[in-house]
Structure formats: structure tokens, C-alpha cells
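Written out below as C-alpha cells is the structure these notes cover.
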Amino acid sequence: MSRNKGQMANRTGRRLNTMGQRPAAALFTHNPPPTASRVSFLDSTLPALTMPDTLRPGLTDQEIQRRESRHALDEAGINPYPSEGWDVTHRADAVLATYDDAQHAPAEGEDGPFRVSLAGRVMSLRSKGKTAFMHVEDATGRIQVYVRRDAVGEELYDALVRKRLDLGDFVGVEGYVFRTNAGEVSVYAQRLALLAKALKPLPIEKEVVDEATGETRVYNEITDKEFRYRQRYADLALHPDVRRVFVQRARLVTTIRRFLDERGYVEVETPALQPLYGGAAARPFTTHHNALDMGLFLRIADELYLKRLIVGGFEGVYEIAKDFRNEGLSRFHNPEFTMLELYVAYKDYVWMMELVEEMIETVCLALHGTTEIPLGEHTVSFARPWARLPLFDALEAKTGHALRGKTREELAAVAQTLGVAVDATMGAGKILDELFGAFVEPTLIQPTFITDYPVELSPLAKRHRSEPGLVERFEAIVGGKEICNSFSELNDPDDQRARFEEQQRLKAAGDDEATGDIDEDFLRALEYGMPPTAGLGIGIDRLTMILTNQASIRDVILFPLLRPEEGG
RNA sequence: GGCUCCGUAGCUCAAUUGGCAGAGCAGCUGACUCUUAAUCAGCGGGUUGUAGGUUCGAUUCCUACCGGAGUCACCA
């Protein structure tokens, strides 16, 4: 915890110069601003500010007020942005969890034995003359601090606490832990320092419990999603729950990484800038390399590079990386998103189903300590084993139509009777996909493997060992949404070339979902021989949504893509 | 991209048929050495998203634009 040992000795009292006899009005008098042409970084005698920043246009009254406070603190010899760190010995949650009245309560008129030094942001402040109470929040939570003028020093108290300490400021506090008359475990401050001033007011929430009705009213709660996404720093500062989601996300990734590492799979990095894009059906972002004067795509998938590595002799490789797809935005789609892809040699998709079950169960336990978690209005169980259901069986169960072996025209007719629109460009596989999306997928709340997809939807998957026209592929569906996609990888180079060529025909025919140009280098790799391989892709963002019960992908991405703030 | 809804003080929201733009919290001044909605006495704070239009008069009605949310399309 303590990263700054040795700095404590010289901190005490160092912030305070004498305030002198300067009249109060002079606190706000600044030197005339130098003109821009006279400002030089080499001239250390110039004030850091080139204009009285309280006069900057566009400032609100509260921002002006805080800038005046900042200058007043400077004048009082209190650096609003000191360079030194603060020696933190305890976090708020540890103090609250450790404090014990029998052991730690201070004797009458004496210091308590439980000494702590902590730091955080001022989230509430109740100043009542020569004492003040504030709540300080660190990464773990809030703790109340009791500040007395006679305990922290009269000069500091008068210069900072009484007038110039604001909600949102960072402070360091050192003292002993006690319980107030009102019963709240608090820190009795004996040393207090401003660590950083907040010049903009954070809309800090204030919870009010109505004594009469018992209702809790919340003031100043930010509800504007735009504010929260654009100013994520403020959203995070205000909402521990939001921070928790991203901690959970980090834990999720760490758990997956450990799970895969323990099995001996090698984490690798493959190009994000690619001369050809492939491995999925999506429109790419394009960019350009100046020195090579070469057009490049941002990857839409890692797949074709990872399989090259299986050709090269790796028996298990994975990558957790950003993919980029130039498609629409929605609650489930961000243009850049994080994908896990895993390829394991000498395995097939049946084996991969078991790995997925075990991995997700492990992740769920790591995050929640249980396999039963809430998801929207449902409770979902990730306990193994999960249901397994061939695509055609699922379709038959939900639509009442046996569709196996039907021709494209027969499928189109069934779709019409079920009210699903079909147009001329849709092949048999696409129609099945539409029916699945309309009738099956939304109904699958508990984790379910849907297996064996039409070959035309899966140009990189191996043909099914016993079902003509299908491939050995599965998706796991949870809460009505796909969370992974996997297949026995196609390793027959001639079949792969034929599939690519079919995609080319579809593309020429106007299907812009079809994959891009044929990757001859990938085919060359397959020709050297790739062992039978099971492959897996998991959208980390969507998995995080499900495992943290978030309704929008923007709530699991720290900085989701938004239009620019200033119109344009 | 289509459709629906939304945009007023730092935050959350009001504003009658189209008639002086308000409240709570936050903020400021003063008092107060165990408060927690601290309390008490005072006080300020607005280009109503932007640009036009209708009107004697627009937060309100109309048009366009900007931004966001939801949804559909798209995203194998």
C-alpha cells in the first residue's frame, strides 16, 4: 500500500507559510497578464498563468469561485497541486472493516491506537465553525473524517477547511480512528493536506432519507447518459458501481487468460493493420501507410493469422485484441470491440464446447462466487453442462416446421407463412439464419449451444462429419444473445479455396456481407498442412455485459464511440 | 440510414391557451468545536441545444440543423 515511505517526515507542516498581513482584497489581485509574445518558457520569473483565469470567458460562477479559491490558497502558501505523493497506509474499506470499539476506541482525552493515513476525494463537507465533517472517498469506498481547528492547525484550518475546500478536491488525511457520538466510524484528522484542487464542480449525489416516510431522495444524481459517456472520468468519479463494472471486466479477462495459460496455450499478437481483411463478414475501416504508400485495413478478425500459427507448429494459441468493424452502432455494437480467439490443434468443436462451458463457469465463479447470476429479469445459471441443440431441432421446436433438407424455395415458403420477409438475394442459409433470429435466439435465456450450421454461412468451418450441407459449428446463446462462435476449422486447402471463391461470387452478385478478397497467403499456409483444429471466438464486451448484467455495450466500454461534441 | 422520444441554472426538474423563466440540491456572505438532508440569517446564478420562421409577444407553435436515448435496418 505504501509507496512513499520516507516522505512523511518532511511533509508535516511544510505546506504552511505565514499568511502575512495581506488584506483580504489583495488575495485576488494578480499581475497584469503578459502578452503572448512576451511569454517564454525560459523565463521562470513569469507567473504560470498568462491571464487572470477567473476572467476567462465561459466560466460559471462556481468555476470562477474555485479559481479564486485556488489563488487564495497559493497566496496562503498552500500549493493546490503539490508534487509530493501522500503516504497511504489504509484504504477506507479496510479501516471500516478493521475498526473495533473494544480495541481501538480512544481513551478520554487521548489519541486512539488505530492510526491511519489515507487519501481520496472530498465527497461531502459539513463545516460548522471550528470543526468540519467530510466524507473522503478512495477506490474502496467512503469514510468520514472529523476535522478540528485545534487538531490540524489553526492556519491550515482557516486558510483551507473553513473557506477554500470544495467537494471534489483530493485530500490526504492522517489521524486515528474513532466512533463519533452519532455512531459513525471516522478518522480524527491530525494532519490534513490538499493534494489536488477541483476547479469544476462534480455533481456529487446527495442521498436524503425522509424521516417521516422513510423514502430516500437523491439530489444531483447524473442521469444524462450522454454526460456519462462523454465525461466518463466524471461518471467514474461519481459512481462506484460503474468503476466496479470495469474492475469486473478486468477480472474477467484476467481469469480467461489464466485459464488458457494454465492449459499451455500461448498468447500471441497478430497484425491489426492488414493488407487484406478476412475471418469474418463485415465492412472494414481503411487506412494508409505513408512510407510504404500502401492501403491497409483494420482487422475485422484475428482468425486467418492465428491459423497460420497452427500451421507453424503452435498447438494452442490465443489472442485477446481489438477488432474493428465499420458498421452501425447500437446497444450491442461498438465499432471497436474486444475479441478473444482461440485455436487448439488436434481438437474438434465438441471438445471446444466443453472448454467453453468450463471457462465461462470459471469466469462466473471468479466474478460472483456463484454460477447463478441475475440477467435482466431472469436468473441465469452457468453451471455445467449447458443444453446442446442442433440448429434444425431448435428451429423445428420453435416454428413447428421440420426444415432439414428443404430447398431454398421450400424454406422461403415456410418463412413467408411465418411472417418473415424473404427477398431474392437471400440464400437457404440466410433464410434459416433469419428464422433462427426471429424464433429461436430470443427465447434462449439459459446458456445453450446451438450446433451444426449451414455451410454457406460458415466459409471457414469444416464440413459436418455426417450431415451434408452443414458444418461443425456451434454458437453459445445466453439471454437471447450470442456470446461465442466456434467450429472445427476447415483445413482442406482446396475446399477453403472453393469456399472463398463462392464468397467472391456472392460479393460480385451484390452481397456486401460476403468476405473480402481471397487471401492467397492463407491458402498457401493451409497447403503446407494444418492439423485438425478447433477454433473459438468470444466477444469480450458482450460476455462482460452478460456477466455484469449491463444492458448496453456502452456500459462495459470505458470510452464508447460518440459523435463529436461540437457539431460538425 | 428510417421511426419515436429527449435537450431549460453546476445537477435533477417545473413553467397554465403563446404572456415578467422558477424550485430543490450545489454555490456565495455571516454565525456555529461530534455533524451526517447539519442548523440559522442573508445573496447571487439562464444565449431555454443551434439557426431561421409565425406572432404584439415563443421555453411553449412550425422548419432545418446539432447531439443523445430507444427501436428497426445493418452487424455471418
Side-chain angles (χ1 to χ4, degrees), chain A residues 58-66 68-69 124-135 142 144-151 157 162-163 166-168 178-184 186 188 200-211 216-230 234 238 279-283 300-301 323 325-335 337 421 427 429-430 432-434 436-437 453-454 456-461 471 473 475 482 485 487 503 506 511-515 537 539 551-554 560 562-568:
Chain A
L59 290 181
T60 67
D61 56 343
Q62 296 193 43
E63 289 168 332
I64 292 167
Q65 183 60 42
R66 287 181 179 225
E68 288 175 356
S69 287
S124 76
L125 183 58
R126 294 175 295 282
S127 175
K128 50 194 304 297
K130 298 189 182 63
T131 67
F133 290 87
M134 59 187 179
H135 278 95
R142 289 186 188 186
Q144 182 170 259
V145 175
Y146 177 43
V147 187
R148 290 172 62 101
R149 186 168 184 263
D150 55 12
Y157 191 93
R162 194 190 280 276
K163 295 276 294 175
D166 291 305
L167 297 185
F178 75 115
R179 188 182 294 276
T180 64
N181 293 343
E184 180 165 348
S186 308
Y188 187 111
K200 282 177 83 71
L202 268 177
I204 294 173
E205 291 169 23
K206 183 170 175 180
E207 278 193 13
V208 177
V209 181
D210 190 310
E211 297 282 339
T216 300
R217 281 188 300 166
V218 179
Y219 292 100
N220 294 350
E221 181 182 24
I222 287 277
T223 56
D224 180 7
K225 291 236 170 126
E226 183 177 0
F227 179 101
R228 298 178 62 167
Y229 297 146
R230 285 196 195 283
L238 292 166
R283 281 175 292 172
I300 60 170
D323 287 347
R325 297 187 184 177
N326 207 338
E327 308 279 0
L329 289 76
S330 81
R331 196 152 76 81
F332 297 100
H333 301 86
N334 196 59
F337 59 101
K430 180 67 178 167
L432 289 166
D433 197 40
E434 291 289 318
F436 180 76
Y453 286 70
E456 59 199 274
L457 292 177
S458 315
L460 297 163
V471 293
R473 169 180 171 186
E475 294 189 355
E482 167 198 341
N485 185 19
F487 28 88
Q503 291 291 312
L506 291 172
D511 181 355
D512 57 3
E513 290 180 24
T515 58
S552 171
I553 199 167
R554 297 183 194 96
L562 298 175
R563 285 193 165 87
E565 213 165 337
E566 304 302 332

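Heavy-atom basis, side chains included; hydrogens, waters and symmetry copies ignored. All chains are named by letter (A, B, ...) in the order of the sequence lines, taking the proteins before the strands, and each is independently numbered beginning at 1. Since the model is a prediction, treat every value here as computed from it, not as a measurement.
Distance check, rounded to the nearest 0.5 Å: NZ of K206(A) to OG of S124(A) gives 9.0 Å. How far CZ of R142(A) is from CD of E184(A): 11.0 Å, rounded to the nearest 0.5 Å.
To the nearest whole angstrom, the two C1' atoms, one in C6(B) and one in U48(B), are 14 Å apart. Comparing G57(B) with G2(B), their P atoms are spaced 34 Å from each other, to the whole Å. Comparing the C1' positions of C32(B) and A38(B) gives an interatomic distance of 11 Å, to the nearest angstrom. The gap from the C1' atom of U16(B) to that of U35(B) amounts to 43 Å, rounded to the nearest Å. Comparing the C1' positions of G19(B) and U55(B) gives an interatomic distance of 12 Å, to the nearest angstrom. U12(B) and A37(B) have their C1' atoms separated by 16 Å, with the value rounded to a whole Å. Nucleotides G67(B) and G27(B) have their C1' atoms positioned 28 Å apart, rounded to a whole Å. With both ends at atom C1', the span from A15(B) to A51(B) equals 25 Å, rounded to whole Å.
Between the CD atom of Q65(A) and the P atom of C28(B) there is a distance of 5 Å, rounded to whole Å. Summarising the geometry, the separation between CG on D61(A) and C1' on G10(B) is reported as 8 Å, rounded to the nearest angstrom. Atom OH in Y146(A) sits about 5 Å away from atom P in C34(B), given to the nearest Å. Between the CD atom of E327(A) and the P atom of A76(B) there is a distance of 7 Å, given to the nearest Å. Summarising the geometry, the separation between CE on M134(A) and P on U35(B) is reported as 17 Å, rounded to the nearest angstrom. Rounded to whole Å, atom P of G49(B) lies 19 Å from atom CZ of R563(A). Spacing between atom CG of N181(A) and atom P of U35(B) amounts to 6 Å, rounded to whole angstrom units. For the pair L329(A) CG and G67(B) C1', the computed distance is 14 Å after rounding to whole Å.
Side-chain nitrogen and oxygen atoms of R554(A) include at least one within less than 4.0 Å of the OP1 or OP2 phosphate oxygen of A69(B). A close approach under 4.0 Å does not occur between any side-chain nitrogen or oxygen of R149(A) and OP1 or OP2 of U33(B). In this model, the phosphate group of G30(B) is approached by a side-chain N or O of K163(A) to a distance below 4.0 Å at OP1 or OP2. Checking the phosphate oxygens (OP1, OP2) of C5(B), no side-chain nitrogen or oxygen of K225(A) falls inside 4.0 Å. The phosphate of U39(B) has neither OP1 nor OP2 within less than 4.0 Å of any side-chain N or O from R126(A). Remark: R283(A) is not in phosphate contact with C74(B), judged by side-chain N or O atoms under 4.0 Å from OP1 or OP2. The side chain of R66(A) contributes no N or O atom lying less than 4.0 Å from OP1 or OP2 of G27(B). At C34(B), one or more side-chain N or O atoms of K128(A) fall inside 4.0 Å of OP1 or OP2 (strictly under the cut-off).
Among the atoms of the strands shown, none is found under 4.0 Å from any heavy atom of L202(A). Within 4.0 Å of R473(A), counting heavy atoms only, lie sugar-phosphate atoms of the nucleic acid but no base atom. Counting non-hydrogen atoms under 4.0 angstrom, S458(A) reaches nothing in the nucleic acid. Across all strands, F178(A) comes closer than 4.0 Å to base atoms (heavy-atom distances). Using a 4.0 Å heavy-atom distance criterion, I222(A) is classed as a sugar-phosphate-only contact. Looking at heavy-atom distances under 4.0 Å, Y229(A) makes contact with sugar-phosphate atoms alone, never a base. D150(A) comes within 4.0 angstrom of a base, heavy atoms only. Within 4.0 Å of N485(A), counting heavy atoms only, lies at least one base atom of the nucleic acid.
With hydrogens and angles ignored, a donor-acceptor pair closer than 3.5 Å exists between the side chain of Q144(A) and the base of U35(B). Between the base of U35(B) and the side chain of T180(A) there is a donor-acceptor pair shorter than 3.5 Å. Taking 3.5 Å as the limit, the base of U33(B) and the side chain of R148(A) contain a donor-acceptor pair of atoms between them.
Residue L167(A) has its side chain nearest to A26(B) when only U35(B), A76(B), A26(B) are considered. For D166(A), counting side-chain heavy atoms from C-beta on, the closest listed nucleotide (C28(B), A76(B), A26(B)) is C28(B). Taking the side chain of Q62(A) as heavy atoms from C-beta on, and the options A26(B), G45(B), G68(B), the nearest nucleotide is A26(B). Here the side chain of P203(A) is nearest to one of A76(B), C11(B), G70(B), namely C11(B).
The main-chain N or O of F133(A) is never found under 3.5 Å from a side-chain atom of R126(A) such that the two would form a donor-acceptor pair. Side-chain atoms of Q62(A) do not come within 3.5 Å of backbone N or O of K200(A) as any donor-acceptor pair.
A donor-acceptor contact under 3.5 angstrom links the side chains of R473(A) and N485(A), judged on distance only. Side-chain polar atoms of Y157(A) and R148(A) form no donor-acceptor pair below 3.5 angstrom.
Ring orientation note: the planes of Y146(A) and F178(A) are tilted relative to one another, at an angle of 30° to 60°.
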Secondary structure of RNA chain B per the Watson-Crick/G-U criterion (both distances under 3.5 Å; [ ] crossing, | other strand, . unpaired) is (((((((..((((.....[..)))).(((((.......))))).....(((((..]....))))))))))))....

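Residues P201(A) and E63(A) meet the side-chain proximity criterion, which asks for heavy atoms closer than 4.5 Å. Residues L167(A) and L125(A) have side chains in contact (heavy-atom distance under 4.5 Å, counting atoms from C-beta outward).
If R162(A) and I204(A) are placed on RNA chain B by their nearest nucleotide, the residue sitting closer to the 5' end is I204(A).
Of all heavy-atom pairs between L238(A) and I222(A), the closest is CD1-CG1, 4.0 Å. Of all the heavy atoms in F487(A) and L460(A), the pair that sits closest is CE1-O, 3.5 Å.
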